[in-house]
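What follows is one structure encoded as structure tokens, with my remarks underneath.
We number each residue from 1, following the sequence as shown.
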Amino acid sequence: MEVIMEALPALGDAWALILQPVVLGYLVLGVVMGLCIGVFPGLGGIAGLSLLLPFMFGMDPILGLALMVGMVAVVPTSDTFASVLMGIPGSSASQATVLDGFPMSKKGLAARALSAAFASSLFGGLVGATFLTVFILIARPIVLEFRTPELLMITIFGLSMVGILAGRVAIKGIVAAGLGMLIGTIGEGASSGDLRMSSYDFPYLTDGLKLVIVGLGIFAIPEIISLLRQDRAISRAAQLGGGWLDGVRDWFANIWLSVRCSIIGVVVGVIPGLGGSVVDWIAYGHAVQTTKDKSNFGKGEVRGVIGPESSNNAKEGGGLVPTLLFGIPGSGSMAIFIGAIALLGSGQIEVGPAMLKNNLDITYSIVWLLALANVVGTIICIAASGGIAKLTTIRFALLAPFLFMIISFAAFQSGQNLMDLVALFAIGFLGLLMRRFDWSRPAFLIGFVLATPAENYANQAVQIASSRFRRGFEEGIDYIFSPIVIVLLIITVLSVVLGLRQAKNIMAEGDVQSGSKRAPLVFLLVITGYIAYAFYDAASIPSYSRDRVFPMFVASVCLVGCAFLIIRMMLKPETDTIFADRERNGEDANAKHGLWPTLAWFAGLLILTSLLGFILALVIFLFTFMRFRAGVSLVFATIYTVAGLAFMCGMAWLLNRDFPPGLLQEYVDLPWPLT
């Protein structure tokens with residue numbers, strides 16, 4: 001009771017913050033943006049939040065949070081359009097929805113499937129928000145007891161879950177997370193300022209890679225390239241059919257399934273690193289197991305839609321638990337969310353125990369915004385269904401250059417450096433290869449995000465523990481092995497054991513079929529080479545510096561993992577899951593356009609930008625792409641180019657942003673926006 005009475009003022013302050021008209025306006029704007037992002041396959045919450053990151057600098061905290069929460073909440077709802085209407089997973093969290101949603105659409109029951117999905121999503125989102133409210137009330141006193149060893153232990157727990165439960169081959173998940181951590185350590189070390197994998201002769205990397213670049217590169221670019229290579233409309237038909245009320249009745253008739261799957265979503269969301277990559281499959285499996293007649297699953301069973309969609313939105317509330325309480329991202333989108341919160345206002349908001357102590361009103365504002373966003377998102381999705389169904393009949397070749405234009409602009413704003421675009425292209429290429437060979441990209445991204453806190457917590461814990469041990473052995477042991485640390489250690493060990501047993505059933509990048517031995521082995525050897533060089537680079541740092549310890553430890557673990565993978569590749573046949581390769585089997589293998597010619601278009605934009613500046617390069621890129629790659633008329637290509645240019649200039653003018661310059665700008669004095 002005392003805990004509730006202490007939290008009541010913060011609850012009241014939270015409502016006062018979010019019921020302002022301007023805050024609700026930003027929430028609706030975020031919902032609309034999330035709807036636009038989620039409706040296109042592959043552009044999930046990670047890509048959407050990455051696009052918002054550059055605009056979070058200095059924004060009023062409550063307005064920025066309303067914008068982000070609105071987007072995060074609605075993406076798991078709006079990505080249902082792609083799954084039901086196109087038969088393509090709108091994101092990793094809607095893969096299972098395709099199995100029964102798309103067959104229902106082909107039977108003329110698209111409206112029934114969508115309404116059942118939206119009702120389930122709304123219910124799941126509200127369950128997630130309710131859980132988060134109660135959990136914060138109960139857990140706040142415990143969380144405030146967390147010190148450096150406890151935070152380090154829960155970071156290790158999060159990383160262990162990411163590595164083990166990130167794909168069918170558990171060791172690949174561990175190496176992917178470790179690779180992300182090593183890339184996260186690039187630049188000056190926090191303890192002594194020693195450089196890792198960088199040089200003052202090449203100053204760009206001394207500050208490390210920015211989260212917005214890594215997030216966009218590792219997720220958005222691979223999906224855009226993959227869809228563009230298909231060179232077709234996203235959907236072949238825009239008819240929804242009837243049955244909106246039937247779908248709601250279906251949900252109500254299966255409400256207990258929705259309740260159970262919502263709880264599954266919350267629990268999976270709480271576990272750092274799981275998130276959308278597995279929650280829909282767990283919920284779908286539960287729906288199949290609890291249905292007497294299983295013969296209709298995969299042919300248009302509405303329970304196969306209700307189960308996954310209930311869990312999808314509920315997981316967002318669960319994912320905010322480790323994110324807000326411990327600063328540990330529960331999913332890839334939560335990893336971006338953490339980075340964005342640090343940019344708001346004057347940087348006074350910090351996720352973790354400090355947020356519950358100093359910003360409890362902000363914490364509850366996020367909870368209520370999440371609940372409101374689910375309601376608003378569901379209403380807008382139902383209202384916009386007809387129009388969205390027609391939008392999906394547009395060829396993706398007409399959308400891809402616009403999306404890449406936005407991504408390039410957003411990436412440049414992170415550091416105002418032309419090298420931002422080079423880094424975006426490089427990380428995007430890595431993301432393409434990880435997607436191709438079934439290496440978990442969520443594990444990579446969360447490893448990247450957790451690299452800095454893990455290193456800082458480890459250094460601080462060692463430093464403080466050394467001081468305590470000098471005073472007495474018992475005092476040092478009490479500091480390291482507190483009751484919370486022991487409990488977390490036991491949970492971590494159990495999760496690893498259970499995770500190893502379940503890892504073979506988890507598909508990090510979907511159902512990727514096995515290919516030949518050569519390409520996956522070459523990619524593994526390249527990854528191993530980078531990790532080995534990172535170890536050598538860290539070992540070159542003077543032994544008295546603590547900046548060498550963390551990257552050397554991570555690289556050592558990864559090298560052991562790579563050795564096991566190489567041995568397995570040498571012993572196993574080509575049919576083994578370790579040889580997964582999208583270019584050998586599946587839609588990528590049958591794509592109309594090759595990978596390299598498609599990449600060449602975007603490499604051309606990068607090269608032209610370095611020579612002529614972004615605006616002039618953009619004009620050439622948009623016109624030539626639309627004219628020759630998309631094959632549209634001269635008039636349409638011209639109108640498209642002018643519209644794209646006007647949109648870019650309008651955004652830059654409103655936000656007071658610059659464009660990437662090229663060599664031309666060094667020799668010729670040009671007016672804005674050509675500067």
Do other residues, nucleotides or ligands put more than 12 heavy atoms under 6.0 Å from Tyr26 OH? no
I need the minimum non-hydrogen distance between Arg627 and Val632, along with the two atoms involved. NH1-O, 3.0 Å
Restricting to non-hydrogen atoms, name the atom on Val305 and the atom on Ala113 that form the minimum distance, rounded to 0.1 Å. CG1-O, 3.7 Å
Beyond-backbone contact of Leu398 with Met626, side-chain heavy atoms, under 4.5 angstrom: yes
Is any side-chain heavy atom of Phe437 closer than 4.5 Å to one of Ile578? no
Any chance the rings of Trp601 and Phe404 have centres within less than 6.0 Å? no
If you define the side chain from C-beta out and look only at heavy atoms, does anything of Leu430 sit under 4.5 Å from Phe523? yes
Show the nearest heavy-atom pair for residues Ala373 and Leu27, with the distance to one decimal. CB-CD1, 3.8 Å
Carefully, step by step, assess Leu424 and Ile221 under the rule side chain to side chain contact (heavy atoms under 4.5 Å, CB included). CA-CA 9 Å; Leu424 175 70; Ile221 288 182; 3.7 Å; yes
Can you find a pair of side-chain heavy atoms, one from Leu599 and one from Ile225, that are under 4.5 Å apart? yes
To the nearest 0.5 Å, what is the distance between CG on Leu608 and CG on Leu664? 11.5 Å
I need the Ile620 CD1 to Leu611 CG distance, nearest 0.5 Å. 9.5 Å
Would you say the ring centroid of Trp596 lies under 6.0 angstrom from that of Phe429? yes
Reported CD1-to-SG distance for the pair Ile615 and Cys649, which is rounded to 0.5 angstrom: 4.5 Å
Quick check for you: to the nearest 0.5 Å, what is the distance between Thr641 atom OG1 and Leu618 atom CG? 8.0 Å
Would you indicate whether the side-chain heavy atoms of Tyr204 and Asp420 approach each other to under 4.5 Å? yes
Report yes if some heavy atom in the side chain of Lys172 is under 4.5 Å from a heavy atom in the side chain of Asp438; otherwise report no. yes
Under a 3.5 Å distance rule, please check whether Arg436 uses its side chain to pair with a backbone N or O of Arg582 as donor and acceptor. no
So Leu369 and Met68, side chain to side chain contact (heavy atoms under 4.5 Å, CB included) or not? Walk me through it. CA-CA 10 Å; Leu369 285 169; Met68 289 190 294; over 6 Å; no
When you compare the side chain of Tyr530 with that of Leu179, does any pair of heavy atoms fall below 4.5 Å? yes
Between Ser440 and Ala176, the two heavy atoms sitting closest are O-CB, 3.6 Å
Closest approach of Leu418 and Pro660, non-hydrogen atoms and distance? CD1-CB, 4.2 Å
Can you tell me how far apart CG (Leu595) and CG (Leu433) are? Round to the nearest 0.5 Å. 8.0 Å
Indicate yes or no: at least one non-hydrogen side-chain atom of Leu524 is less than 4.5 angstrom from one of Val175. no
Atom pair CG/CD1 of Leu612 and Ile607 - distance to nearest 0.5 Å: 11.5 Å
Looking only at non-hydrogen atoms, find the nearest pair between Met197 and Leu205 and report the distance. O-CD1, 3.9 Å
